[in-house]
4 protein chains.
Amino acid sequence: MTTYETALGASTPDTITLLGHDLARDVMGTVGFGELAFWLATQRRPSPGETRLFEAVLAALADHGFTPTAIVSRLTFLSAPDSVQGALAAGLLGGGSRFLGVTEDCGRFLNAVVRANPEPDDWDALALDTVKAQGKARIPGLGHHVHKNGDPRTPRLFEIAEEEGLAGPHLSLFAAIGRVHPRVLGKTLPLNGAGTCGAVLADLGLPLELLRGFALLARTAGLIGQLAEELRNPVANDIFLSVDTNTRSVAPVEE
Amino acid sequence: MTTYETALGASTPDTITLLGHDLARDVMGTVGFGELAFWLATQRRPSPGETRLFEAVLAALADHGFTPTAIVSRLTFLSAPDSVQGALAAGLLGGGSRFLGVTEDCGRFLNAVVRANPEPDDWDALALDTVKAQGKARIPGLGHHVHKNGDPRTPRLFEIAEEEGLAGPHLSLFAAIGRVHPRVLGKTLPLNGAGTCGAVLADLGLPLELLRGFALLARTAGLIGQLAEELRNPVANDIFLSVDTNTRSVAPVEE
Amino acid sequence: MTTYETALGASTPDTITLLGHDLARDVMGTVGFGELAFWLATQRRPSPGETRLFEAVLAALADHGFTPTAIVSRLTFLSAPDSVQGALAAGLLGGGSRFLGVTEDCGRFLNAVVRANPEPDDWDALALDTVKAQGKARIPGLGHHVHKNGDPRTPRLFEIAEEEGLAGPHLSLFAAIGRVHPRVLGKTLPLNGAGTCGAVLADLGLPLELLRGFALLARTAGLIGQLAEELRNPVANDIFLSVDTNTRSVAPVEE
Amino acid sequence: MTTYETALGASTPDTITLLGHDLARDVMGTVGFGELAFWLATQRRPSPGETRLFEAVLAALADHGFTPTAIVSRLTFLSAPDSVQGALAAGLLGGGSRFLGVTEDCGRFLNAVVRANPEPDDWDALALDTVKAQGKARIPGLGHHVHKNGDPRTPRLFEIAEEEGLAGPHLSLFAAIGRVHPRVLGKTLPLNGAGTCGAVLADLGLPLELLRGFALLARTAGLIGQLAEELRNPVANDIFLSVDTNTRSVAPVEE
């Protein structure tokens, strides 16, 4: 008979444990939610500094106003108000390669270089090689369509990582890319916040395959905020009507 | 021209604000993730006590081992490993009336009574009327299929609420239901943890229409933990095979 | 050891069966897709007339232009173009109580009356009682916000059902409600197409708990059409920008 | 003001059109569901032969018994029976790279070769080059873990395509790959049915970016069948219990 092992939640008639600890006595009332999310993902309890840095990333990614994911969540709630889970799930499904993917792409990109070059003498030289090797391909995390002169989240994430003694090789490489890329690209692009979040999450040792998942966790809190605001001050129907009233029926492609 | 208002995330080329505050300076590094989730949902910054109680609820609901939602998330990740967002969304879609719904159902049930009876003289008398009025209908939050002698999360939630001075009418009524229901039902059932979470969230003033959303937020962290564990120690394919190898083909109903 | 029974798909190294038939030889090339969907849902092969009526329902529900579900699917595809399954799933999640739910609500509503009154002498008398019993509650399927003088799909569905000899008690009752409700409500409302679809599906003997599912099946085809059109003639980014550029940041509710 | 164009559904108070045709008069009762799905995706009405071949593909992909997607849909329905849309959406979310992706991967793979070699003199020579160029990479559509001696759907799809005069370059190349690959790989693998479906859909001129979408459309019908069977003969709770009762709690990775 197959046995399924887990170190996460478990219960008997008299006890509930989570990650090997008594849930009620040792986790509830003691462990913050960001700390718990980190612990669940790594099965390692983070230090207070790690928790602070991780929660700074979650704050950076939680909500960016009327993004497609927020619009999708509100429209789905309009159509199916009986299913909050559907509205949240629909919003998260937009968390793919384009809108929420930068965090993961940047973390993985940096990690591939870092693993191949574990103890570089000169970050700038490594960064220069890295940027050149990309050729015409985009460097994940470089550039922002709005914050062209700098994304305010980026220096703050570096600052918190430094304060907590947690700036590791991913942030070092990313910073170096920020310094050297103009020599190759001929123009200066900002390091964006979503990419910096990926570098931070990689430095924190979180699983690379799931970096997008942390962006989605942050966004779940943001989407609940969006739905709460939709309940107080609804706009989804107006968004729908703004499309509906500006629709023009055209002939099919072929006929 | 329609205008869409939001108090959540906003940005200009040089600034990013969240809930009216400078995101980088005033939120990142300062505001914990549970605190932020509360703030986003209510647009009111919680006190440290409110945050602690809210995070205790999130811990209570984050992961319960191989629940249907966890199995669903792992199986979806097995089928579509390229789409973490799909695996999380699929898991959340099980957060409906049966498995994650108790929290919301209990919060709403208690709230309906509390609103109709704003300042009762005697909670036990009100609880007795409430239990009687249900007739044969289930009282949300009462009973647990595993923790028949008491759910360990329940007293802990009451305790933290008391410590923080945040036990309000929903918890008072729920506690009273716990005391009086044996007189009506002829048997003693435990107040379950998921229901108590609903009472706590209602006492914290969180939007009743979204109580299920907080269970889903907690579960998102749990599902990331499940996927991380699946990456390290995969079981989804074994679960699939345990079904596949025990399948029996039968004749259609009619033919 | 538990055994899991199914009459649907099954395979051995040399054979594949579906619903007890050899898939390649007896189903592929012979059974149309609407016919197959009916067969899968009921495990009973429909007659050609049943298939024609069922496919008329699916056509009636497949696409209604830029509905919230279509907008959601397009926006999700914009955000996560690597995940077609996510874009379709997000669109379907809007298929809840408000936008796609009328079909199921109407079918269930009629069925409750039909089951309680299996062989009425007089459909109009039964309909009159039914309308009166609703009091101020809405009658599912009655009224349409655009087609105020009549939904063109409604008479066509009645016509096809008559042609195929498949008009049963649900359609009879719904037609009678259409005749008598003005006497109670004091105004004449059209029987809408989505509601009529529910009556037809109930008359066809499809499972009531899944009537919404057939609307979702029809809509899946429609959403693929929406995504195909989005690929040729994209509008999702314009929809996003029309929201983004008309956003106004306001102060949080409390602070 | 932005205008949003569509050739799909449109309505005025008195009319409803779909693809430029009067929905009630010209589509309902006349156009089958497979035909309509093809038409919606291409905006071109398929011939009867195209419809027959397309519907054969949909039948081939509709249901394969207790796959992960079927299990996911049933478990989600168990957890959230109030949300049929959630159960279907969750099932579809498993339609990613591994389980339902072969159809799309194979169609795209063949198409890349076909576009680069529009009128080859010798399909076998082209196939040989194609197989060699893959090196150690898998050729999509080649091999099947159960049907090792041949997938029964494959010859049937070739047969129907021949009968309808619709075997095009994608099927020609795929057949040639089936003939020549043993010379390169040193072993004979079957052309699987899901891959052949991709070749057929590409030959039919359906949009390559959405080939996975047609597998998902077929699967939606299959999942409704699964949920209907679950209602009659439930197994989801047994599947859950078979996991739950064989769970073993282990220590976290680090601690």
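Note on naming: letters A, B, ... go to the chains in the order of the sequence lines (proteins, then strands), and numbering restarts at 1 for each one.
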Please state whether the rings of C/F66 and D/Y4 are parallel, tilted or perpendicular, taking 30° and 60° as the class boundaries.
perpendicular

Please classify the contact of D/E159 with chain C as side chain, backbone, both or neither, using a heavy-atom distance under 4.5 Å.
neither

Ignoring hydrogens and angles, tell me if any N or O in the side chain of C/Q85 forms a donor-acceptor pair with the backbone of D/L92 under 3.5 Å.
no

Taking C/L8's backbone N and O only, do any of them form a donor-acceptor pair with D/D63's side chain (distance below 3.5 Å, no angle check)?
no

Candidate pair C/V84 and D/F214, rule side-chain contact (heavy atoms from CB on, under 4.5 Å), full reasoning
CA-CA 10 Å; C/V84 170; D/F214 300 103; over 6 Å; no

So, the part of D/A215 with a heavy atom under 4.5 Å from chain C: the answer is neither

C/A24 to D/P152 - nearest heavy-atom pair and separation
CB-O, 3.4 Å

Contact between D/F38 and C/I224 at the side-chain level, heavy atoms closer than 4.5 Å - yes or no?
no

Minimum-distance pair of heavy atoms, taken over all atoms of C/G32 and D/E55:
CA-OE1, 3.3 Å

Find out whether C/T220 and D/L216 are in side-chain contact, i.e. whether some heavy atom of one side chain is under 4.5 Å from a heavy atom of the other.
no

Examine whether an atom of D/T15 lies under 4.5 Å from a heavy atom of chain C, and if so say whether it belongs to the side chain, the backbone or both; otherwise answer neither.
backbone

D/L36 versus C/A59, closest heavy-atom pair with distance:
CD2-CA, 3.7 Å

Under the side-chain contact (heavy atoms from CB on, under 4.5 Å) rule, what do D/I16 and C/D151 come out as? Steps first, then yes or no, please.
CA-CA 8 Å; D/I16 304 179; C/D151 184 326; 3.7 Å; yes

With a 4.5 angstrom heavy-atom cut-off, is it the side chain or the backbone of C/I239 that approaches chain D, or both, or neither?
both

In short, D/H147 meets C/S11 closest at the heavy-atom pair CE1-CB, 3.8 Å

Write down the atom of C/L88, the atom of D/G213, and the distance for their closest heavy-atom approach.
CD1-CA, 4.2 Å

Do D/E5 and C/N233 come within less than 4.5 Å of each other through their side chains, counting heavy atoms only?
yes

Would you say the side chain of D/R156 lies within less than 4.5 Å of the side chain of C/R25, judging by non-hydrogen atoms?
no

Step by step, would you call C/L40 with D/E229 a side-chain contact (heavy atoms from CB on, under 4.5 Å)?
CA-CA 9 Å; C/L40 284 161; D/E229 192 170 67; over 6 Å; no

What's the spacing between D/L223 CG and C/L217 CG if we round to 0.5 Å?
10.5 Å

Rounding to 0.5 Å, atoms CG (D/L53) and CE (C/M28) come to a distance of 9.0 Å

Under a 4.5 Å heavy-atom cut-off, does chain D meet the side chain of C/T42, its backbone, both or neither?
backbone

What part of D/A60 lies closer than 4.5 angstrom to a heavy atom of chain C: side chain, backbone, both or neither?
both

Which heavy atom in C/A228 sits nearest to a heavy atom in D/A41, and how many Å separate them?
CB-O, 3.2 Å

The interface call for D/L93 against chain C, heavy-atom contacts under 4.5 Å, is both

Is the backbone N or O of D/G29 less than 3.5 Å from a side-chain atom of C/R52, with the two atoms forming a donor-acceptor pair by type?
yes

